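Working notes, structure below.
By convention in this document, chain letters (A, B, ...) are assigned in the order of the sequence lines, proteins followed by strands, and residues within each chain are numbered from 1. Keep in mind that this is a model prediction, so the values were computed, not measured.
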2 protein chains.
Amino acid sequence: MTDQALAPIESDHPGVTDLFAVLAYGEISAFYRLTEEAKLSPTLRGKIAVAKMAASEMRHFETLEAALSARGADAFDAMAPFVRALDAYHASTDPSTWLESMVKFYVGDGIAADFYTEIADSLPDDVANVVRDVLAETSHSEFVVEEVRSAVQTSRSERDRLTLWGRRLLGEAITQAQYVMAQRDELTELVLGSAGDLNGIAALFERMQDSHAKRMAVLGL
Amino acid sequence: MTDQALAPIESDHPGVTDLFAVLAYGEISAFYRLTEEAKLSPTLRGKIAVAKMAASEMRHFETLEAALSARGADAFDAMAPFVRALDAYHASTDPSTWLESMVKFYVGDGIAADFYTEIADSLPDDVANVVRDVLAETSHSEFVVEEVRSAVQTSRSERDRLTLWGRRLLGEAITQAQYVMAQRDELTELVLGSAGDLNGIAALFERMQDSHAKRMAVLGL
């Protein structure tokens, strides 16, 4: 409960519950998407790599569930407002190939991590630590990078197709993020408080586009 | 490397690799089955409970993968001989309702745990600890017990149907276990060495049927 000049966001800000809840539903939907998309894997090795990624999403969900419960919030009630936007994101970016699925995992996770970690930077430590913990990059991404890089090195048309796919993922993610913010005043307040003002938010989205471009480059796209 | 009267099984027995491998593929197939069956869940709460169970199967898989690797075995090569039998078990016991899926999870896991822990009891500690670790009961079973008990208390026909279902699960599990043993001499040697002789195996199967009946009773069946 510090009281600094710029009215920092306190741990008990109701937007924090929203933040944990949207992250929690994000983990659940990623879990089910990944296990569904694993069917596209041409190998058992690929299926198992995906199962491991999915399992770490559930570990993150359990962290968030505990954090919500520590705030006196029920995870299911708290997640309810975010189900529609996240389901819409996944429905609008349903991969039709194994490589699209891998790019979506890597790029989509990256976009989300950029957004939430920037917000976390201006939140109290106890909140920021939960957010950073559940967004920590895992070694599993290495698997994705190798799969995609080797595929696009040998096929120009695959590379072009996946480049467009990556661009679409960014667009859809931003659309749904804006939709969520428009619906949830308290979360918007948190993001605004974190970014400073609307200009700050514009700058945040620009930084996200830069990081996105870097991630695409890592994939060879 | 003790040298007792009854020629105890040593840690470097090749059947141990088979044992870890069949357990490992069991975890993978349980993972994918559970996430597939979660679609049958009428609630988000049920889906998440199943996702947590699935995630713990993957943690167990990672333990077994590490144990196989410590023995110089590649998990994928080692699992290959067991894919057919385990896939056949799951194909022949494909649940058509959420409750069947829950019973299968609880009862199937229990049968497997009985079988493997009995074998583990006569294996060297380093091997036995891995087996016990991956078979340790999780708190998630509580969810299953509550779901099934409350459903069968209110419906006699549901209870009858699930009782038959449980019996079928036991039968199929034993069929596939026998098939695996017939194919894998080294694993059979391990089981025989652990049970003493064929009479010991018969006694083991009898104890498994008793435990099965107790588990069914816990579910109200």
Side-chain angles (χ1 to χ4, degrees), chain A residues 20-66 68-69 73-84 86-87 90 101 134 138-140 143, chain B residues 20-66 68-69 73-84 86-87 90 101 134 138-140 143:
Chain A
F20 287 170
V22 70
L23 281 165
Y25 191 68
E27 304 288 355
I28 292 294
S29 45
F31 176 88
Y32 277 107
R33 278 284 144 175
L34 279 172
T35 54
E36 186 65 26
E37 289 161 16
K39 288 182 193 152
L40 302 168
S41 168
T43 62
L44 179 60
R45 231 168 259 271
K47 278 179 88 128
I48 289 176
V50 170
K52 285 182 184 174
M53 295 175 200
S56 36
E57 310 276 0
M58 278 315 293
R59 276 193 284 278
H60 296 158
F61 171 77
E62 292 184 36
T63 302
L64 291 160
E65 195 180 28
L68 282 165
S69 158
D74 173 76
F76 294 89
D77 296 341
M79 291 191 299
F82 304 107
V83 169
R84 198 172 132 196
L86 281 168
D87 285 358
H90 285 298
S101 165
V134 303
T138 65
S139 54
H140 305 128
F143 171 80
Chain B
F20 287 170
V22 69
L23 282 165
Y25 191 68
E27 303 288 355
I28 292 293
S29 47
F31 176 89
Y32 277 108
R33 277 284 143 175
L34 280 172
T35 55
E36 185 65 24
E37 289 161 17
K39 286 182 193 151
L40 301 168
S41 168
T43 63
L44 180 59
R45 231 169 260 271
K47 278 179 87 126
I48 289 175
V50 170
K52 284 181 185 175
M53 295 173 200
S56 40
E57 310 276 0
M58 278 314 292
R59 276 193 285 277
H60 296 158
F61 171 77
E62 293 184 37
T63 301
L64 290 160
E65 194 181 29
L68 282 165
S69 159
D74 174 75
F76 294 89
D77 296 340
M79 292 190 300
F82 305 107
V83 169
R84 200 173 130 194
L86 281 167
D87 286 358
H90 285 299
S101 165
V134 303
T138 64
S139 55
H140 305 128
F143 171 80

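Proximity to chain A is absent for every atom of B:Glu57, based on heavy atoms less than 4.5 angstrom apart. For a residue to count as touching a neighbouring chain, one of its non-hydrogen atoms must lie under 4.5 Å from one of that chain's; by this rule A:Glu65 touches chain B with the side chain only. Heavy atoms closer than 4.5 Å to chain A are found in both the backbone and the side chain of B:Lys47.
A search for salt bridge (charged side-chain N to carboxylate O under 4.0 Å, His left out) contacts involving B:Asp74 returns A:Arg45, not counting sequence neighbours. With sequence neighbours excluded, the residues forming a side chain to side chain donor-acceptor pair (under 3.5 Å) with B:Glu37 are B:Ser101, listed by chain and number. Residues forming a side chain to side chain contact (heavy atoms under 4.5 Å, CB included) with B:Thr35 (at least two apart in sequence, or on another chain): A:Phe31, A:Tyr32, A:Thr35, B:Phe31, B:Tyr32, B:Ala54.
Taken from CD in A:Glu62 to OG in A:Ser69, the straight-line distance is 12.5 Å, to the nearest 0.5 Å. Atom-to-atom distance recorded for A:Leu34:CG and A:Ser41:OG is 12.0 Å, nearest 0.5 angstrom.
For the pairing with B:Met58, the side-chain contact (heavy atoms from CB on, under 4.5 Å) check across A:Met53, A:Lys52, A:Met58 returns one residue only, A:Lys52.
Under the 4.5 Å side-chain criterion, counting only non-hydrogen atoms from C-beta, A:Phe20 is not in contact with A:Met79.
Contacts with chain B (heavy atom to heavy atom, under 4.5 Å) involve these residues of residues 21-30 of chain A, listed by number: A:Tyr25, A:Ile28.
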